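Just so it is clear, the structure is predicted and the values come from calculations on it, not from any experiment. Order of the sequence lines fixes the chain letters, A, B, ..., with proteins taken first and strands second; residue numbering starts at 1 for each chain. What you see below is based on every heavy atom in this structure, not just the backbone, and it leaves out hydrogens, waters and symmetry mates.
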Number of protein chains: 4
Amino acid sequence: MRAMTDPEPKFRRRSAERPTEIVAAALAVFADKGFAAARLDDIAKRAGVSKGALYLYYETKEELFRAVVRQAVAPNIERMRGALDAFRGPFPQFLAVFAQMIAANLGQTPIGPIVKMIIGEGRNFPELARYWHDEVIAPMLGALAAAVVRGQARGEVRSGDPRLYALQVVGPFLVATIWRETFAPVGGAPIDMEALARQHLATLTDGMLIAA
Amino acid sequence: MRAMTDPEPKFRRRSAERPTEIVAAALAVFADKGFAAARLDDIAKRAGVSKGALYLYYETKEELFRAVVRQAVAPNIERMRGALDAFRGPFPQFLAVFAQMIAANLGQTPIGPIVKMIIGEGRNFPELARYWHDEVIAPMLGALAAAVVRGQARGEVRSGDPRLYALQVVGPFLVATIWRETFAPVGGAPIDMEALARQHLATLTDGMLIAA
Amino acid sequence: MRAMTDPEPKFRRRSAERPTEIVAAALAVFADKGFAAARLDDIAKRAGVSKGALYLYYETKEELFRAVVRQAVAPNIERMRGALDAFRGPFPQFLAVFAQMIAANLGQTPIGPIVKMIIGEGRNFPELARYWHDEVIAPMLGALAAAVVRGQARGEVRSGDPRLYALQVVGPFLVATIWRETFAPVGGAPIDMEALARQHLATLTDGMLIAA
Amino acid sequence: MRAMTDPEPKFRRRSAERPTEIVAAALAVFADKGFAAARLDDIAKRAGVSKGALYLYYETKEELFRAVVRQAVAPNIERMRGALDAFRGPFPQFLAVFAQMIAANLGQTPIGPIVKMIIGEGRNFPELARYWHDEVIAPMLGALAAAVVRGQARGEVRSGDPRLYALQVVGPFLVATIWRETFAPVGGAPIDMEALARQHLATLTDGMLIAA
DNA sequence: TATGAATGAGTTTTCATTCAT
DNA sequence: TATGAATGAAAACTCATTCAT
């Protein structure tokens, strides 16, 4: 046990969480600055690690960025997708589940920043954009569209292009996410996600217009 | 008028359109690479101008970026906003006008790339995010919300938060825009903006569900 | 005309010799330190240029190294080879011409340092070693061997492997070159190249042994 | 004596041969890459040892390099030199002995790589160049020259500078060595050392020219 | 007004060396 | 003795900006 006056030890021994810490720090910095403007110096500092240490875990800055974007997917998304695919109840209930899930995810995971990064850096990292499209976005929209198709078969959902319906369902949530990332920090009035979800569901149900 | 045999003067060619050409070139490069990864060399080359010449028109790279983000869309937006504010017809018609306007703008102006840039670089250029919020987004959503309020007063629109309605109306168009910028280039199935607009209007009118 | 008190101008405008100056500086530093230990900083300083300027002319440190090794060949070697190939006199005279040429070249060109570099870095730059082999060494030895063959045909030269004869002829000069580069700087007694050439020719003529 | 079931102790395995193994590994890597480009990581891996372990035996990379250059050849050289100094037979026989010794050494010891390293790194390690000059090269050439002097005294060797004779004797072998290290790996036709030695002896005996 | 070679500060990357275990 | 993750100083490379022309 080190005496209280001991200086900080120069080295911090590897812990199993080291890579996780680095990725978390990197996510924060990349999300804040974007890929090119992020400095490894800052990431290292934030992770409490030397710059060189980053290279023990990731070969280049690009590799680290890829790791950040890729790892952010796995945990929740997978679970979410599974739940949606498995759901077999009536469509209105499906919508409710979906809305609640998305709201929870946007609140508790760094999906917002990641989405922002994909949008901002997609052209420079097309394979990441593709990865996200293939692994996250397309399956998610696919699950939605499939549910729509099932709903239409059951006479619960009006005729119309299921994929477009999916986009309509998802739209306001994306708007809210981007708002939170981009305009809220510069004084944009905050969006009440719960209220938005509620009203969105109502509109999807009945429309926003009063029949003449 | 220069005699036909005059040699092309080395400098001061076409100086009037210079700034426009530069901004156009810069828009293309910034949209492709993002601010930090864009190289003035590339912008200059694309504008058919020397690197030094850029500095005759814009003090720094940041200035140029600001000019791009400010100028590129301003005129169209202004016109669009004016039309929306002036419109006094029934709400359903307002929606139709709005949808058509937005579709036209997304097709004919570089709003897509600009939006992408605002999202990607907003954190590094908060004053630009603020500018866009204050000058473009908020007024636009405000116009929408105001129309909703008028519609509610007339008994055309259901009760509900007008601002959230505005987000709902705008949502699918933003999704489509981001899709076009980010996922279409990596193999995402293209989105038919017209069809989306049509179906979106229908849904806003009647909902997507069939009353039980 | 600048006044005598003017500060040094910050920029030195390009001159046609800029690349030559850089290569000369690089040769000096590479020859001194070897490729890996040479610092671009030092090369730039020696060339009177900023570090960045090097990159205007050569894409990487390796490229610069290649340029150094390649350019050192062209001028004299080519002429020398031409002369040897063209020579059609009797073999003893050929030897004399060759010896004098080689002595002159070793005295007036940076072949010594270059040879040292090829030896030291050949494994890391195999294409350069190959280039030198193909363009310089092999042709030179080939010219020698060809002369030997002609000499043998005329009854001037004893039977024996012409290529090995070529190596024997060249050997002492290489020893002297390496000596100059490696051991003379640390106190090795200098080698009198003229005397060596003379005695070498004598030995090639009569041998060094007195017939019993 | 450890029982057969004892687990291999984690440390202190084979410690006696460690330094030898390390030097051997270092020789291989240094010879391949040169001093500066060689990585301790690679040396450690090749020696089957951790990077830290290198520092238990050698204080720095330079120390290790010195050890390599000093140890690798010392024993053979010493033996060779002793034999030459002791030899008292007639000069032609001396030459034969010398040639055979050198051929054997070049075949069985890493003199080739070491020589390459001395040439390549001599400027960066002048004390090593000096060491080799003082301990290996100069004595060797000295022994040769001394034999020449004795031969001249006995009327076996023509008059002439004994030191230059020494260089002439050694020359082709050095050429062959460098060839093997530098040009053979990139496609240079291999040199038959035995044949070279034979022809070289013949030339030293009678010259390569046929008396007119 | 226009050029583009040149600058130099800033960033990524490497790797000998250290040290907690 | 032995390990190998971690450090940090040094080096290559980039590029916005300047300035002689």
Interatomic distance, [X] [atom1] vs [N] [atom2] [rounded to whole Å]:
| X | N | atom1 | atom2 | value |
| --- | --- | --- | --- | --- |
| D/Glu63 | E/dA16 | CD | P | 15 Å |
| B/Glu62 | F/dA16 | CD | P | 12 Å |
| D/Arg39 | E/dT17 | CZ | P | 15 Å |
| D/Leu54 | F/dT1 | CG | P | 15 Å |

In the strands shown, is [N] matched to any nucleotide by a Watson-Crick or G-U wobble pair with both distances under 3.5 Å, and which?
| N | value |
| --- | --- |
| E/dT13 | F/dA10 |
| F/dC15 | E/dG8 |
| F/dT21 | E/dA2 |

Of the nucleotides [options], which has the atom closest to the [X] side chain?
| X | options | result |
| --- | --- | --- |
| B/Tyr55 | E/dT14, F/dT17, F/dA2 | F/dT17 |
| C/Thr60 | F/dC13, E/dA2, F/dA6 | F/dC13 |
| C/Ser50 | F/dT17, F/dT14, E/dT7 | E/dT7 |
| A/Lys61 | F/dA2, E/dT12, E/dA16 | E/dT12 |
| D/Leu40 | F/dT3, F/dA11, E/dT17 | E/dT17 |

**OP:** Quick one: pull up CG in B/Leu27 and CE in B/Met117 and give me the separation to the nearest 0.5 Å.
**Re:** 6.0 Å
Original post:
Say you draw a straight line from NZ of D/Lys45 to CG of D/Asp42; how long is it, rounded to the nearest 0.5 Å?
Top reply: 6.0 Å
Which part of the nucleic acid, if any, lies within contact of [X], taking any heavy atom under 4.0 Å across all strands shown: a base, the sugar-phosphate backbone alone, or nothing?
| X | result |
| --- | --- |
| C/Ala38 | sugar-phosphate |
| A/Ala44 | nothing |
| D/Leu56 | base |
| D/Tyr58 | nothing |

Original post:
Would you call the rings of D/Phe125 and D/Phe65 parallel, tilted or perpendicular, where under 30° means parallel and over 60° means perpendicular?
Top reply: tilted
Subject >> Nearest atoms (heavy-atom pairs only) where B/Arg123 meets A/Asp32 >> reply: CB-O, 2.9 Å
Original post:
If you take all heavy atoms of A/Ala36 and B/Ala37, which pair is closest and at what distance?
Top reply: CB-N, 3.9 Å
Looking only at side-chain N and O atoms, does [X] come under 4.0 Å of OP1 or OP2 in [N]?
| X | N | answer |
| --- | --- | --- |
| B/Arg18 | E/dA2 | yes |
| D/Lys51 | F/dG4 | no |
| C/Tyr57 | E/dA5 | no |

